Amino acid sequence: MPTVSDDGRGPLMKPNVLLVESDAGLGRALEQACAPRFECMHVTTLDEAMAVLTRQPWAAVVAGYDLADGGSGLEVLQVVRTSLPRAFRLLHTSILCPRFHEDACRLACPHFLTGAPAPALVAEVGQALAELLAPPPPELPADLRPVLDEVIQTHAPVVRDFLRELRAAAE
């Protein structure tokens, strides 16, 4: 049963999150950690991910780099980047090489990238999803209101940070 918003406007819909993780234990842990705030679907292979990507408008896609069928989470996030541009992209990997992280950012442009080990990974991904998918605050910071009113209608923290950096560069 959907929960009702604090202001009585009606039911709150949980954002849809696709979890692409071949490690069944880690996939279950991520799903359990995210379930209270998000509607989650867990798939284990690249083929399964490709089959469900277009079924609904995902708010976020969390992908592990190494997938069981030889696929890569980068492949998933590249497709998400082009076919679901509004979806947040999160990637986790055990590869700690800085050059790999640079390549991953260039190829898939994830909104969040982590190399945390499994126990900390669940908490980090949960926190990142909560921040990225947080409902808009009632008031926007004064320095962003003109930009958001005139240019872009969003309240995502990552976009706010980008707009601040853009404004600083322009000045």
Side-chain angles (χ1 to χ4, degrees), residues 2 12-136 152-163 165-166:
L12 292 174
M13 302 300 292
K14 290 182 178 181
N16 295 329
V17 175
L18 177 60
L19 303 169
V20 185
E21 176 54 55
S22 59
D23 179 322
L26 181 55
R28 277 192 302 278
L30 285 167
E31 198 168 11
Q32 288 172 350
C34 295
R37 293 175 134 173
F38 311 109
E39 288 294 328
C40 298
M41 174 184 254
H42 174 224
V43 297
T44 60
T45 67
L46 178 63
D47 289 339
E48 290 173 338
M50 294 304 168
V52 299
L53 275 177
T54 58
R55 285 191 190 162
Q56 57 185 305
W58 299 99
V61 177
V62 178
Y65 174 70
D66 291 319
L67 299 179
D69 60 352
S72 163
L74 284 177
E75 293 174 275
V76 173
L77 296 185
Q78 285 176 317
V79 170
V80 172
R81 180 180 175 194
T82 57
S83 63
L84 300 167
R86 292 185 172 191
F88 289 106
R89 298 172 303 278
L90 295 85
L91 178 69
H92 69 87
T93 178
S94 59
I95 300 171
L96 301 176
C97 173
R99 293 285 186 226
F100 172 80
H101 285 234
E102 289 173 15
D103 287 345
C105 288
R106 183 176 46 80
L107 294 171
C109 295
H111 295 94
F112 178 77
L113 172 64
T114 185
L121 172 72
V122 173
E124 278 192 24
V125 167
Q127 180 65 31
L129 283 170
E131 288 175 12
L132 291 169
L133 298 174
I152 191 167
Q153 296 294 321
T154 186
H155 304 289
V158 74
V159 174
R160 287 181 178 192
D161 292 342
F162 168 75
L163 291 175
E165 291 175 18
L166 185 62

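Bear in mind the structure is a predicted one, so any value in this text is a computation, not a measurement. All values below come from the heavy atoms of this structure, side chains included, with hydrogens, waters and symmetry mates left out.
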- Message: Main chain of Ser72, side chain of Glu75: is a donor-acceptor contact present, judged purely on distance under 3.5 Å?
- Response: yes
- Task: Nearest 0.5 Å please: distance from the SG atom of Cys40 over to the CZ atom of Arg28.
- Result: 14.5 Å
- Message: Could you report the tightest heavy-atom contact between Val122 and Ala33, atom names first, then the distance?
- Response: CG1-CB, 3.4 Å
- Query: Below 4.5 Å, heavy atoms only, C-beta onward: do Pro15 and Leu133 meet side chain to side chain?
  - Reply: yes
- Could you check if a side-chain atom of Leu26 sits within less than 4.5 angstrom of a side-chain atom of Leu121, using non-hydrogen atoms only? yes
- Query: Is a side-chain N or O of His42 found less than 3.5 angstrom from the main chain of Glu31, in a donor-acceptor match?
  - Reply: no
- Main-chain N/O of Leu46 paired to Asp69 side chain as donor or acceptor, under 3.5 Å: yes
- What pair of heavy atoms forms the shortest contact from Ala104 to Pro110, and how long is it? O-CD, 3.6 Å
- Query: Would you say the side chain of Asp66 lies within less than 4.5 Å of the side chain of Ser22, judging by non-hydrogen atoms?
  - Reply: no
- Task: Would you tell me whether Glu124 and His92 have side-chain atoms, one donor and one acceptor, within less than 3.5 Å of each other?
- Result: no
- Test item: Arg89 side-chain N/O and Arg81 main-chain N/O as donor-acceptor pair under 3.5 Å: no
- Query: Any donor-acceptor pair under 3.5 Å linking the side chain of Glu131 with the backbone of Ala128?
  - Reply: no
- Closest non-hydrogen atoms of Leu91 and Gly64, given as atom of the first, atom of the second and distance, are CD1-C, 4.3 Å
- Message: If we count only N and O atoms by modelled type, under 3.5 Å, do the side chains of Gln78 and Thr82 hold a donor and an acceptor together?
- Response: no
- Passing option when Leu90 is tested against Leu19, Val20, Leu132, Leu113 for side chain to side chain contact (heavy atoms under 4.5 Å, CB included): Leu132
- Does the side chain of Glu39 pick up a donor-acceptor pair with the side chain of Asn16 at under 3.5 Å? no
- Message: Is there a side-chain contact (heavy atoms from CB on, under 4.5 Å) between Val61 and Leu53? Walk through the geometry before answering.
- Response: CA-CA 9 Å; Val61 177; Leu53 275 177; 4.2 Å; yes
- Task: Measure the SG-CG distance between Cys105 and Leu74 for me, rounded to the nearest 0.5 Å.
- Result: 9.5 Å
- For the pair Trp58 (side chain) and Val52 (backbone), establish whether a donor and an acceptor sit closer than 3.5 Å, ignoring hydrogens and angles. yes
- Any chance you could lay out the side-chain contact (heavy atoms from CB on, under 4.5 Å) test for Val62 and Leu18, step after step, and finish with the verdict? CA-CA 6 Å; Val62 178; Leu18 177 60; over 6 Å; no
- Query: Hey, does the side chain of Glu48 reach the backbone of Thr44 with a donor-acceptor pair shorter than 3.5 angstrom?
  - Reply: yes
- Only pairs at least two apart or in different chains count here, so list each ring pair (Phe, Tyr, Trp, His ring centres under 6.0 Å) that has a residue in residues 98-133. Tyr65-Phe100, Phe88-His111
- Message: Using the rule given for side-chain contact (heavy atoms from CB on, under 4.5 Å), can you reason through Leu67 versus Val76, listing the C-alpha separation, both sets of side-chain angles and the distance that settles it, and then say yes or no?
- Response: CA-CA 10 Å; Leu67 299 179; Val76 173; 4.2 Å; yes
